Amino acid sequence: MAEKEISLPEASNFIEQIINEELATGKFEPVGNKIKVRFPPEPNGYLHIGHLKALSINFGVKDKYHGEINLRMDDTNPAKEDYEYVEAIKKSLEWLGLKYDRLLFASDYYEKLYEIAEKYIREGNAYVCDLSAEEITATRGTLTEPGTPSPYRERSVEENLKLFREMRAGVYPDGAKVLRAKIDMSSPNINMRDPVIYRIAHVPHYRQGDKWCIYPMYDFAHPISDAIEGITHSLCSLEFENHRPLYEWVIEKAGFPAPVPRQIEFARLNITNTLMSKRYLKKLVDEGVVRGWDDPRMPTLAGLKNRGVPPVALKKFVEGVGVAKAYAVVNSAQLDSCIRDELNENAERAMAVVNPLKLTITNYEGEEELTFDVNPLHPETGTRSIKFTGSVYIERDDFALVPPPKYKRLTVGGTVRLKGAYIVRCDEAVQNENGEVTELKCTYFPESRSGSDRPCAVKAKGVIQWTDCKYGAAAEFRQYEQLLKDEQYPDQDYDERLNYESEHIFRGYAEPYLAEAEEDKPFQLLRAGYYKKCTDGGKLVLSEIVSLKDSFNK
RNA sequence: UGGGGCGUCGCCAAGCGGUAAGGCAACGGACUCUGACUCCGUCAUUCGGGUGUUCAAAUCACUUCGCCCCAGCCA
């Protein structure tokens, strides 16, 4: 218990525990005890809420150890990648306020990677294999049976070198040959059975153009990229556990000096009611079911942003979820809670109705301005004014023909307070031929005006929100409460899921105040649980609104 | 079935041999011009099961059951 030059921070998860132990044993003294991590997305889609965990862990480690973090695009498969995605990824990190030390690309290492591949060949650690993809699969063996060596496994170094150079030169078509690591065809770990490390693909790369027609595989490129960058901890999700021996083999054979990067795996983030596979998300975008990757219905960070989710809420959520190795599905209620919590604290308030029911005050004439606190929790943020003309929309659920027990809102003959305005009594519920209530006729009590010191004999059981018929603005927003029980939720069928999502984007009327929203500023509508951030530079999406109004004035 | 992992409250999750933190959810109650918020209170004699070691185990050992991952020229 002697030499303790470094004071170790308190570990808040098992990864940090490991790092502390390594630091304590002096493993990183050769690099000045500098911890380096990386966040390595493949630019083949937008970042989604699942990436949040990797982000949080990596940036958390970086901050805690005053280390460095690279944002590295893991772009080794040109068929799927594009600049659009690297820009989107950068934007999402910026939105979250995460600052990385440098932006790097695996594709910038292609030359270096190629040199290491040749080194492998020269040292007998790799060979060119002519087997087809099907043949490779067939000879790989099964979970219980060992694989059989490729007939090309024992090619000479010279021949391998020649062939590999020809592969690079474009002599062979796609699939004709691959470079394989020469490890162990009978390893119980299938990943070690001579994995492919280079394939031929005559596909232009979004950054390299047609400079290359052979591309390194993840299992080869990733460990080496980590090593090149001097990454100390390569944190990834559980499904790469089986790749760890290969990760270590690749680095060892490449001959990097210690300390060499260490891969540590953690459990992915799963959330109920939220599908996160890129395949699924991309399909939604490609088929035009959503407006884009940033559609507020999407679980992408860009979508969440457009939904009005504050980045801090996301941070709190992911920190609250913790880091462990046990498979976990976090209930979306936990996310909702973090969002509501943040909104409750910081969002300005506004009223809105989703499912409007017209309420007309028969004894009211003229119009007036009512003043509200912008945020009751923080009165110092100011006030807002809403016009009131005596004709308003209220939420359909706030009126009941036959009230359930303990109902606190409007009923025929009952009274309720229109928030910030007057107490009204419902005299008549106008119904159409189908018995549906189409309008409420009410009388109001002038002396009940909000803020008035005149005593008012009338008492209201409840308070409801409203928007003025003449001045209210049409709006679109999403209800973030979990309306359906988990078991009813279509978990895998994405068409059903989309229907579900569509039903949870609501259109209705809101205070005109909302239409003036600043970009990125979420609102908590007075009925807790609703919130909305206006897209398109802070303005409501008008095309949605026009059709809305039509359907309202049926 | 070969290999690699994981099992602590309905959902996450601390705990690392000294007698089960916390959050979400839920449930009571107070307050309320948001049935919200806030506030107070309740919510694992038990750590997948069993057996051992120990004065003492969720923590160690053995065993058993369950779940996840791996046979892409994806990452």
Side-chain angles (χ1 to χ4, degrees), chain A residues 12-14 17 40-42 44 74-77 79-81 106 129 131-134 136-147 174-180 186-193 195-201 214-215 217-219 221-222 236-245 265 267 269-272 278-279 316-317 319-338 340-341 344-345 349 351 372 376-377 398 406-409 416-421 423 448 450-451 460-465 482 486 524-529:
Chain A
S12 57
N13 57 245
F14 78 96
Q17 265 175 30
E42 183 188 13
N44 65 347
D74 233 349
D75 52 357
T76 53
N77 184 1
K80 294 182 174 178
E81 296 148 4
C129 180
L131 256 25
S132 69
E134 298 71 43
I136 287 181
T137 301
T139 54
R140 185 146 29 215
T142 67
L143 296 180
T144 51
E145 300 158 307
D174 291 4
K177 286 177 167 41
V178 291
L179 184 70
R180 292 229 250 170
S186 58
S187 169
N189 182 339
I190 295 183
N191 294 301
M192 298 298 269
R193 321 238 261 232
V196 171
I197 56 177
Y198 262 96
R199 78 285 216 175
I200 300 172
I214 57 172
Y215 293 93
M217 300 287 288
Y218 166 88
D219 279 318
H222 199 91
C236 61
S237 49
L238 246 30
E239 64 265 34
F240 292 104
E241 249 171 340
N242 297 324
H243 295 244
R244 199 192 321 136
E265 311 84 9
L269 173 62
N270 294 290
I271 304 175
T272 60
K278 273 191 190 163
R279 171 209 137 259
K316 281 184 197 161
F317 167 69
E319 279 160 17
V321 152
V323 181
K325 291 192 76 166
Y327 175 82
V329 184
V330 179
N331 200 301
S332 61
Q334 198 161 333
L335 207 213
D336 294 341
S337 166
C338 291
R340 269 191 265 110
D341 205 50
N344 184 45
E345 193 60 36
R349 313 291 140 129
M351 298 193 291
F372 293 75
L377 254 29
D398 289 343
K406 293 188 179 173
Y407 193 68
K408 290 172 69 174
R409 292 106 89 191
V416 80
R417 159 157 245 121
L418 296 178
K419 166 99 182 158
I423 291 176
S448 68
S450 201
K461 275 181 299 181
V463 181
I464 64 174
Q465 57 177 317
Q482 183 184 338
D486 290 358
Q524 184 196 358
L525 302 183
L526 283 186
R527 170 151 303 205

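Since we're looking at a predicted model, the values are computed, not measured. A, B, ... follow the sequence lines: proteins, then strands. Residue 1 opens every chain.
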* Structure fact -> Residues at least two apart in sequence or cross-chain that pass ring pair (Phe, Tyr, Trp, His ring centres under 6.0 Å) with A/F317, listed by chain then number, are none
* Asked: How far, in whole Å, is B/U45 from B/C6 if one measures between their C1' atoms?
  -> 26 Å
* Asked: Think A/R199 has a side-chain N or O under 4.0 angstrom from the OP1 or OP2 of B/G72?
  -> no
* Is the phosphate of B/C70, meaning OP1 or OP2, less than 4.0 Å from a side-chain N or O of A/R244? -> no
* Side chain of A/A333 (C-beta onward), nearest among B/C24, B/A75, B/G2 -> B/C24
* Lys/Arg N to Asp/Glu carboxylate O, A/E241 vs A/K325, below 4.0 Å -> yes
* Mind checking side-chain contact (heavy atoms from CB on, under 4.5 Å) for A/V416 and listing every partner two or more places apart, or none if nothing turns up? => A/L410, A/V424, A/I464
* Interatomic distance where CG belongs to A/N270 and C1' belongs to B/C12 [whole Å] -> 12 Å
* Among the nucleotides B/A25, B/A75, B/G4, which one has an atom lying closest to any side-chain atom of A/N242? -> B/G4
* Asked: If you round to the nearest 0.5 Å, how far is CG of A/D74 from CD of A/E81?
  -> 8.0 Å
* With sugar-phosphate meaning primed atoms plus P, OP1 and OP2, does A/R417 contact a base, only sugar-phosphate, or nothing at under 4.0 Å between heavy atoms? -> base
* Determine: side-chain N/O of A/T76 to OP1/OP2 of B/A75, distance under 4.0 Å, yes or no. => yes
* Asked: Considering only B/A75, B/C70, B/G35, which nucleotide approaches the side chain of A/L143 most closely?
  -> B/C70
* Atom NZ of A/K316 to atom C1' of B/C24: distance rounded to whole Å? -> 14 Å
* To do: Identify, between A/K177 and A/L238, the residue whose nearest nucleotide on RNA chain B lies closer to the 5' end.
  => A/L238
Protein-nucleic acid N or O pairs under 3.5 Å, nucleotides 13-15 of chain B:
{"residue": "B/A14", "atom": "OP1", "partner": "A/V323", "partner atom": "O", "Å": "3.1"}

* Asked: Taking the nucleotide of RNA chain B with the closest heavy atom to each, which residue, A/N189 or A/P41, is nearer the 5' end?
  -> A/N189
* Should A/T137 be listed as having a side-chain N or O under 4.0 Å from OP1 or OP2 of B/G72? -> yes
* Nucleotide nearest A/Y407 when distance is taken to its side chain, options B/G35, B/C73, B/G2 -> B/G35
* If we only count heavy atoms from C-beta on, is the A/I136 to A/R180 side-chain gap below 4.5 Å? -> yes
* Look at the side-chain N and O atoms of A/R340 and state whether any lies under 4.0 Å from the OP1 or OP2 oxygen of B/C24. => no
* Tell me which nucleotide among B/C33, B/A25, B/C70 gets nearest to the side chain of A/N191. => B/C70
* **Watson-Crick or G-U wobble partner of B/C9, both distances under 3.5 Å** => none
* Structure fact -> With the side chain defined as heavy atoms from C-beta on, A/N77 is closest, among B/G35, B/A75, B/G5, to B/A75
* Structure fact -> Testing B/C12, B/G3, B/C69 for proximity to the side chain of A/Q334, the answer is B/C12
* To do: Take atom CD of A/E265 and atom P of B/G5, then tell me their distance rounded to the nearest Å.
  => 9 Å
* **Nucleotide nearest A/T144 (side chain, heavy atoms from C-beta), chosen from B/G3, B/U32, B/U1** => B/U1
* To do: Go through the steps for A/Y327 and A/L238 under the test side chain to side chain contact (heavy atoms under 4.5 Å, CB included), then give the verdict.
  => CA-CA 9 Å; A/Y327 175 82; A/L238 246 30; 5.7 Å; no
* Side chain proximity check, A/S450 to A/R417, heavy atoms < 4.5 angstrom -> yes
